[in-house]
Amino acid sequence: MAEGIKGLKRTDYCGTLRSKDIGRTVTLFGWCQRQRDLGNLIFIDLRDRTGLVQLSFNDSTDRELFAKAQSVRAEYVLAAVGTVCERESKTDKIPTGDIEINITDFRIVSKAETPPFEIAKSKEVGDDVTLKYRYLELRNPSLTENILMRHKIAKIAREYFYANDFIEIETPMMIKSTPEGARDYVVPSRIHSGKFYALPQSPQIYKQLCMVAGFDRYIQLARCFRDEDLRADRQPEFTQIDLEMSFVDTDDIMDMAEGFVKKLMKETVQVDIPTPLPRMTFAHAMEKYGSDKPDTRFEMLINDISDWAVNTDFAVFKGAVEDGGSVRAIVAKNAAGTYTRKKIDKLTEHAKGIGAKGLAYIRWADDEPSCSFNKFLKEGELNALLESLGAEKGDCVFIISGKTSQTLSILGALRLIVAKELDIIPEGKWNYLWITEMPFFEYDEESGEWLAMHHPFTMPLEECIEYLDTDKSKVRAQAFDLVLNGTELSSGSMRITDCDLQNKMFELLGMSQEEIDAKFGFLVEAYHYASPPHGGMGIGLDRLAMIICGADSLRDVTAFPKVQNASELMSGAPSYIDDVQLDELHICLAEDENEQ
C-alpha cells in the first residue's frame with residue numbers, strides 16, 4: 001500500500017546536490033528513473049525536474065527499508081531521507097555523479113503501472129503514443145529542461161521590460177473578428193444568438209488603444225490563436241512577448257528589443273551578443289539570400305548572372321532575361337564529392353516541386369567541369385562564368401532562371417538544403433539580424449492585384465505615401481523583422497494614427513466604407529480623440545525557446561502541443577458537444593455527407 005509524506009518536508013531538489021553537501025541529511029521527493037538490485041546493494045536513480053541523484057541501500061540499511069526498495073519499479077513516486085555521501089563509483093554523466101544518498105528513511109508515495117514507454121527513451125517512440133501520454137513524456141529530462149528554459153525566457157522578459165517602465169496589461173481573449181491575415185478561431189455566444197467572438201490572432205488593436213489611453217509602454221506575454229495549417233515552427237495557439245511604445249520611432253523600438261536580446265542570451269546560454277544588431281534591407285536579403293529571413297551563418301550567396309546569360313545561345317536563359325526575368329546562381333564550395341549526378345537529380349526534383357521549371361548545374365569534379373547546358377555555350381563562355389563566380393575545382397554551381405521573385409525564392413530554399421546536406425551551418429552561432437525597409441504591398445500573380453504584406457495598421461514611410469495611388473511597388477513600410485539563424489522571431493512597425501490615412505489604407509485593401517465602419521469603426525473613432533505616435537512588435541516566445549533549446553519543433557517547447565491536424569491526442573480535443581449545449585448556443589450542425 002502506498003504511503004504518504006506526513007512529517008516530511010523537502011530540503012533539496014535531486015539535481016542540486018554536490019560534493020559540498022557531503023555529510024548533510026536531506027529529504028528528497030521524486031520519481032524512480034531506474035532501480036538496480038545487486039543482491040546486497042540496491043541503487044535507485046531518483047528524478048525530479050532538476051535532475052537525478054542516486055539513492056543507496058546497503059548492509060547498514062534498515063531491513064524493512066531495504067525490502068521496500070526491492071519492490072520499487074520505474075516511475076514510482078518516492079520520498080527519501082538520508083545522508084549525502086561520497087559516491088564510490090563516480091560518473092561525469094550527471095552533475096550529481098560524485099555523490100549518493102545513504103538512506104535512513106524511505107517511503108513509496110505512489111505506485112505506477114508499467115508505463116507505455118520508457119521515459120528516458122521516449123524520443124524513440126512514435127508521436128501517436130508519446131503525445132497521448134504527454135504527461136509521461138514531459139518527465140523526460142530533455143523535455144523538462146525545454147519547459148524550464150521557456151519559463152526562464154518568460155521570466156527574463158518580464159524582468160527586463162518591468163525594469164524599463166513597461167506596464168503589463170491583459171487584453172481580451174474573446175474579441176470581435178477582424179481580418180489580420182489568417183483564419184480566426186471563433187466562439188459562439190449563448191446570449192447573443194447568431195453572433196460570435198473570435199480568439200485574438202494578436203492583441204494588435206487593443207495594445208494600440210492602450211497607447212491612445214495613455215499607457216505609453218505596454219507589455220504582455222500574450223496568447224494568440226490562428227487557424228492555419230501546422231508545421232514544425234507553427235502551432236494554432238502560441239505566445240508572443242508583445243510590446244508597444246508611444247512617442248518613439250523605429251530605432252527606439254529596435255534598441256529596446258536589442259537590450260532584451262542581449263540580456264536574454266547572456267542569462268540563458270551565456271553568450272554576449274554584440275549590439276547594435278546588424279541591419280539588412282528587405283531588398284538586399286532577397287537579392288543575396290532569396291529569403292526575408294536569411295540564415296547568415298554561412299555564405300553561398302546568390303549571384304545575378306543575367307548579363308552573362310543573355311549573351312549566350314541557351315534559349316532558356318536568354319528567354320528568361322528578355323521576358324523581364326533573370327538568371328541566378330549559387331556556388332556550393334567543395335560540393336562535387338557530395339553532389340553526384342543522382343543527388344543533383346533529386347535536388348532538381350525538389351526545385352521543380354517548389355516552382356522551378358528545371359535546375360541547370362555545373363559540377364567540377366574532374367579536371368574539366370561537367371555542365372548540363374554546355375552544348376549551348378560558345379568557346380570560353382563556361383570559363384568566363386566560372387571565373388566571375390569564383391568557382392573552382394571541387395565546386396558545384398546551381399542555376400535557376402525565370403521570373404526574378406520566383407527565381408530568388410527557389411534558390412533561397414535550395415541554398416538551405418545544400419548547406420544542410422554539406423553540413424556547413426556552424427553550431428553555437430547566434431546570428432541575430434534586423435530586416436528593414438519592408439515593401440508595403442506584394443503583387444499577386446494569380447489575381448493581378450497588389451496585396452498588403454502587413455496588417456492594415458502599419459505606417460508607410462513618409463516619402464512613400466505619395467505613391468499609394470500611383471505606384472504601389474514603390475511603397476515601403478515603417479516595418480522591421482527580427483531574425484535569428486534563419487527563423488523570423490518578430491515583426492514590428494510604426495502604426496498609422498491619422499484617421500484619414502487609416503481609412504485610406506482600409507480602402508486600398510479593398511474594403512468598402514460600410515465594411516470599414518463595421519469592422520474597425522471603433523479604432524478609427526478612437527483616433528478622432530488624438531493618438532500619440534506609437535509602434536511596437538511581438539517576439540515569438542515559442543520560436544525563441546525552440547532555437548535556444550536546439551529543438552526541431554515547437555512541440556518540444558510546448559507542454560501540450562497540437563499535431564498536424566490541430567488535434568490534441570492526450571485529451572482528444574477537439575470533441576463533439578451534446579445537443580443541449582448546441583441548443584443553448586442556437587447552433588444546428590449540418591449533416592456530414594461522408595457519414596450518410
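Computed over heavy atoms, backbone and side chain alike; hydrogens, waters and symmetry mates excluded.
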- Task: With sequence neighbours excluded, give me every side-chain hydrogen bond (donor to acceptor under 3.5 Å, both in side chains) pair touching residues 246-258.
- Result: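 Residue pairs with at least one partner in residues 246-258: D251-R279, E258-W434.
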Any pair counted as side-chain hydrogen bond (donor to acceptor under 3.5 Å, both in side chains), so long as it reaches residues 409-427, sequence neighbours left out: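 As it turns out, the side-chain hydrogen bond (donor to acceptor under 3.5 Å, both in side chains) pairs with a partner in residues 409-427, which skip direct neighbours, are Y339-E421.
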At what distance, to the nearest 0.5 angstrom, does [atom1] of [X] lie from [atom2] of [Y]?
{"X": "N485", "Y": "I425", "atom1": "CG", "atom2": "CD1", "answer": "9.0 Å"}
{"X": "E267", "Y": "I153", "atom1": "CD", "atom2": "CD1", "answer": "11.5 Å"}
{"X": "I465", "Y": "K504", "atom1": "CD1", "atom2": "NZ", "answer": "10.5 Å"}
{"X": "L501", "Y": "I496", "atom1": "CG", "atom2": "CD1", "answer": "4.5 Å"}
{"X": "T296", "Y": "K288", "atom1": "OG1", "atom2": "NZ", "answer": "15.0 Å"}

Tell me if the [atom1] atom of [X] is crowded by more than 12 foreign heavy atoms within 6.0 Å.
{"X": "K346", "atom1": "NZ", "result": "no"}
{"X": "K403", "atom1": "NZ", "result": "no"}
{"X": "E322", "atom1": "CD", "result": "yes"}
{"X": "E299", "atom1": "CD", "result": "no"}
{"X": "F215", "atom1": "CZ", "result": "no"}

Quiz item: Relative to each other, are the rings of F520 and F457 parallel, tilted or perpendicular (30° and 60° limits)?
Solution: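 F520 and F457: perpendicular rings.
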Would you kindly say whether [X] and [Y] are connected by a side-chain donor-acceptor distance under 3.5 Å?
{"X": "E170", "Y": "Y206", "answer": "no"}
{"X": "R363", "Y": "S372", "answer": "no"}
{"X": "Q220", "Y": "T171", "answer": "yes"}
{"X": "D517", "Y": "Q513", "answer": "yes"}
{"X": "T404", "Y": "S326", "answer": "yes"}
{"X": "R495", "Y": "T497", "answer": "no"}

Check: Which is it for Y185 and F225 under the ring pair (Phe, Tyr, Trp, His ring centres under 6.0 Å) test, yes or no, and what are the steps along the way?
Finding: CA-CA 7 Å; Y185 280 102; F225 307 84; 7.1 Å; no
Ignoring hydrogens and geometry, is there a side-chain-to-backbone donor-acceptor pair from [X] to [Y] under 3.5 Å?
{"X": "S553", "Y": "R555", "answer": "yes"}
{"X": "D323", "Y": "G325", "answer": "no"}
{"X": "D295", "Y": "R297", "answer": "yes"}
{"X": "T312", "Y": "F314", "answer": "yes"}

Looking at [X] and [Y], does any basic side-chain N land under 4.0 Å from a carboxylate oxygen?
{"X": "R183", "Y": "E228", "answer": "no"}
{"X": "K293", "Y": "E488", "answer": "no"}
{"X": "K123", "Y": "D556", "answer": "yes"}
{"X": "D272", "Y": "K262", "answer": "yes"}

- prompt: Can you list the steps and then say if T239 with R150 is a side chain to side chain donor-acceptor pair (under 3.5 Å)?
  reply: CA-CA 11 Å; T239 303; R150 182 190 170 107; 3.2 Å; yes
Using the test side-chain contact (heavy atoms from CB on, under 4.5 Å), find all partners of P533 that sit at least two apart in sequence or belong to another chain.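 Testing P533 for side-chain contact (heavy atoms from CB on, under 4.5 Å), a comparison that skips the adjacent residues, returns F247.
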Checklist entry - Got a sec, which residues hit side-chain contact (heavy atoms from CB on, under 4.5 Å) with V186, two or more places apart in sequence or on another chain? => result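 So V186 forms a side-chain contact (heavy atoms from CB on, under 4.5 Å) with D184, F196.
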Q. Among T348, L359, I302, whose side-chain contact (heavy atoms from CB on, under 4.5 Å) with L414 holds?
A.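 The passing option is L359.
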*Looking only at non-hydrogen atoms, find the nearest pair between P203 and Q240 and report the distance.*
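So the minimum-distance heavy-atom pair works out to CD-NE2, 3.9 Å.
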Discussion item. Less than 6.0 angstrom separating the ring centers of F398 and Y361, yes or no?
Written reply: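 No, they do not, as the ring centres are separated by 6.0 Å or more.
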Donor-acceptor pairs under 3.5 angstrom involving side-chain atoms of residues 476-484: please list them, not counting sequence neighbours.
from, atom 1, to, atom 2, distance (Å)
R476, NH1, E437, OE1, 2.8
Q478, NE2, P460, O, 3.0
D481, OD1, S491, OG, 2.9

Item to complete: Show the numbers, then the answer: is there a ring pair (Phe, Tyr, Trp, His ring centres under 6.0 Å) between Y218 and F166?
Response: CA-CA 5 Å; Y218 144 97; F166 281 76; 8.6 Å; no
Selection residues 210-224 - residue pairs positive for salt bridge (charged side-chain N to carboxylate O under 4.0 Å, His left out), sequence neighbours left out: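 Residue pairs passing salt bridge (charged side-chain N to carboxylate O under 4.0 Å, His left out), neighbours aside: R223-E237.
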